[in-house]
Amino acid sequence: MNVFIAGGTSGIGYALARHYFEKGDDVGICGRNLATMSENNFENLKAFQADVCDTDSIAAAVHSFLNDRENLDIFINCAGSYAEDVAGKISYEEAEEMLQTNILGTVNCFETARKLMKGQKKGSIAVIASVSGILDYDNSSLYTKTKRSVIQIADAYRRALKPFGISVTTIAPGYVDTKKLRELNNNDLHKKPFLTDVETAVSIISEAIENHEKLVIFPAKMKWMMKSLSLLPSFLLNTIMFRKARWMKEDQP
Ligand SMILES: NC(=O)c1ccc[n+]([C@@H]2O[C@H](COP(=O)([O-])OP(=O)(O)OC[C@H]3O[C@@H](n4cnc5c(N)ncnc54)[C@H](OP(=O)(O)O)[C@@H]3O)[C@@H](O)[C@H]2O)c1
C-alpha cells in the first residue's frame with residue numbers, strides 16, 4: 001500500500017509512519033522542517049518538505065511521493081497546531097498558526113487526497129481532530145473550536161466522497177504522550193487525565209482506518225466523560241467549562 005502522512009515528521013504522525021513502514025507499506029511523510037527528523041533515528045521514510053497551509057506545496061509533496069506508483073491508498077493528516085490556550089492567553093501569531101494549520105491545512109489535505117483518489121474509486125483519508133472538539137459549549141478555546149471545525153469538515157468530505165468509494169475517518173484523541181505535549185507542559189503530564197501512550201494511539205488509529213470507521217474517540221474513559229458531559233443542559237455545561245477557561249477570565253477587564 002502507498003501511505004502518505006502529512007505532519008509525519010514527529011509525534012503521532014511519525015509513529016504512524018513507522019507503523020506502516022514496518023508493516024511493509026511504502027510511506028511518504030511531510031512537515032515544514034525536516035531538520036526535526038534527525039531526532040528520529042529512522043531514515044527509511046520518504047520525507048518531503050511541505051506546508052499544509054499551501055495547497056501547491058502539499059500537492060507537490062504527494063505527487064513526488066507517488067511518482068510512478070499507481071494509487072494513493074491512505075492519506076492521513078496529522079499536521080496540527082496546538083498551544084496551552086485553555087490555561088492562558090496565546091499570542092496573535094500562535095492563534096494565526098492554529099487557524100491556518102488546523103482549518104485551511106485540513107481543507108488543503110482533503111482537496112489533495114480527494115483529487116488523487118477520485119479516479120481510483122477507492123482510498124482512505126483520515127484526519128486527527130481532538131476529543132476537545134466533540135463538545136459544543138460557548139467558552140471553548142480557539143484550539144477546541146478549530147478541532148470542532150475539523151470534525152465538521154471531515155463529515156462534509158465523508159458525505160461527498162462516499163459515492164467514489166473513498167472513506168473518511170475522523171480521529172478524536174484525548175491526551176497522547178508526545179514530545180510536543182511534554183514541551184508545552186514543562187515535561188510534566190501528571191495533570192493530564194487518561195493519558196495515552198503513542199503506541200496505543202497508533203494501534204487504535206490504524207485499526208480505525210482499516211475498518212473505515214467514521215469517528216473514533218479515545219481513550220474510552222475520555223469518550224464516556226465527553227458523552228456524559230454532552231447530555232448536560234447547555235447552561236450547566238457552559239458553567240462547568242467556564243471554570244476551566246482561565247484564558248477567558250484573563251480576557252475580562
Ligand atoms: N498529543 C496530543 O495530546 C494530541 C491530542 C489530541 C489531538 N492531537 C492532534 O494530533 C496531531 C499531532 O499532534 P502531536 O502531539 O503528534 O504533535 P507534533 O509532534 O507537533 O506533530 C505535528 C506534526 O505536524 C507537522 N506540522 C505542523 N504544522 C504543519 C504545517 N503547516 N504543514 C505541514 N506540517 C505541519 C509538524 O512538523 P513541522 O512543525 O516541522 O511542520 C509535525 O510533523 C495534531 O493535529 C494535534 O492537534 C494531539
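These numbers were taken from a predicted model, which means no experiment stands behind them. Both counts, for ligands and for their atoms, begin at 1 and track the order of listing.
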Any side-chain donor-acceptor pair under 3.5 Å between [X] and [Y]?
X	Y	answer
Ser140	Lys145	yes
Tyr157	Glu111	yes
Arg158	Ser167	no
Thr144	Ser141	yes

Considering the heavy atoms of [X], write down every atom of ligand 1 situated less than 4.0 Å from one of them.
X	value
Gly11	16 (O), 19 (O)
Thr178	1 (N), 14 (P), 15 (O), 16 (O)
Lys180	17 (O), 18 (P), 19 (O), 20 (O)
Tyr175	3 (O)

Does the plane of the ring in Phe4 sit parallel, tilted or perpendicular to the ring in Phe75? Use 30° and 60° as the thresholds.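 Ring orientation of Phe4 relative to Phe75: parallel.
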
Among protein heavy atoms, which sits nearest to [atom], and what does the distance come to when rounded to 0.1 Å?
atom	value
atom 13 (O) of ligand 1	Tyr82 CE2, 3.7 Å
atom 31 (N) of ligand 1	Asp51 OD1, 2.8 Å
atom 37 (O) of ligand 1	Thr9 OG1, 3.2 Å
atom 23 (C) of ligand 1	Gly7 O, 3.5 Å
atom 3 (O) of ligand 1	Val176 N, 2.7 Å
atom 9 (C) of ligand 1	Ile128 CG2, 3.7 Å

Is Tyr92 linked to Leu99 within one hydrophobic cluster, defined over Ile, Leu, Val, Met, Phe, Trp and Tyr using a side-chain heavy-atom separation of less than 4.5 Å?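 No, it is not one cluster - the side chains of Tyr92 and Leu99 are not joined through contacts under 4.5 Å.
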
Under 3.5 Å between any N/O of Ile12 and any N/O of ligand 1: does that happen in this structure?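 Yes: some nitrogen or oxygen of Ile12 is under 3.5 Å from one in ligand 1.
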
Can you check whether Ser10 has an N/O within less than 3.5 Å of an N/O in ligand 1?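 Yes.
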
Ligand 1 versus [X]: contacting region, heavy-atom distance under 4.0 Å:
X	answer
Ala129	backbone
Arg32	both
Ala50	backbone
Leu181	side chain
Val52	both
Lys147	side chain
Cys78	backbone
Asn33	both

Any salt bridge between Lys192 and Asp177, counting N to O under 4.0 Å?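 So Lys192 does not pair with Asp177 through a salt bridge.
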
Hey, is Lys122 close enough to Glu70 for a salt bridge, meaning N to O under 4.0 Å?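 No salt bridge links Lys122 with Glu70.
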
Does the Arg32 side chain pair with the main chain of Ala50, one donor and one acceptor, at a distance under 3.5 Å?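 The answer is no, because no donor-acceptor pair under 3.5 Å joins these two groups.
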
I'd like to know if the side chain of Asn77 and the backbone of Phe110 have a donor-acceptor N/O pair within less than 3.5 Å.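 No, because the side chain of Asn77 does not come within donor-acceptor range (under 3.5 Å) of the backbone of Phe110.
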
Can you give me the closest heavy-atom contact between Phe65 and Asp26, atom names plus distance?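 Reported closest heavy-atom pair: CZ-O, 3.5 Å.
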
Check each of [options] against [atom] and report the one with the nearest heavy atom.
atom	options	answer
atom 35 (C) of ligand 1	Ser81, Gly174, Ser130, Ala79	Ala79
atom 8 (N) of ligand 1	Phe48, Tyr143, Tyr14	Tyr143
atom 6 (C) of ligand 1	Ala201, Ser57, Pro173	Pro173

Does Lys118 NZ have over 12 foreign heavy atoms under 6.0 Å away?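 No, NZ of Lys118 has 12 or fewer neighbouring heavy atoms, counting only those of other groups under 6.0 Å.
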
Taking the six-membered ring of Tyr82, is the NZ or CZ of Lys180 close enough (under 6.0 Å from the centre) and on axis enough (within 45°)?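 Lys180 over Tyr82 ring: yes.
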
When rounded to the nearest 0.5 angstrom, what distance separates OG1 in Thr112 from NE2 in His63?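 So the OG1 of Thr112 and the NE2 of His63 are separated by 8.0 Å.
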
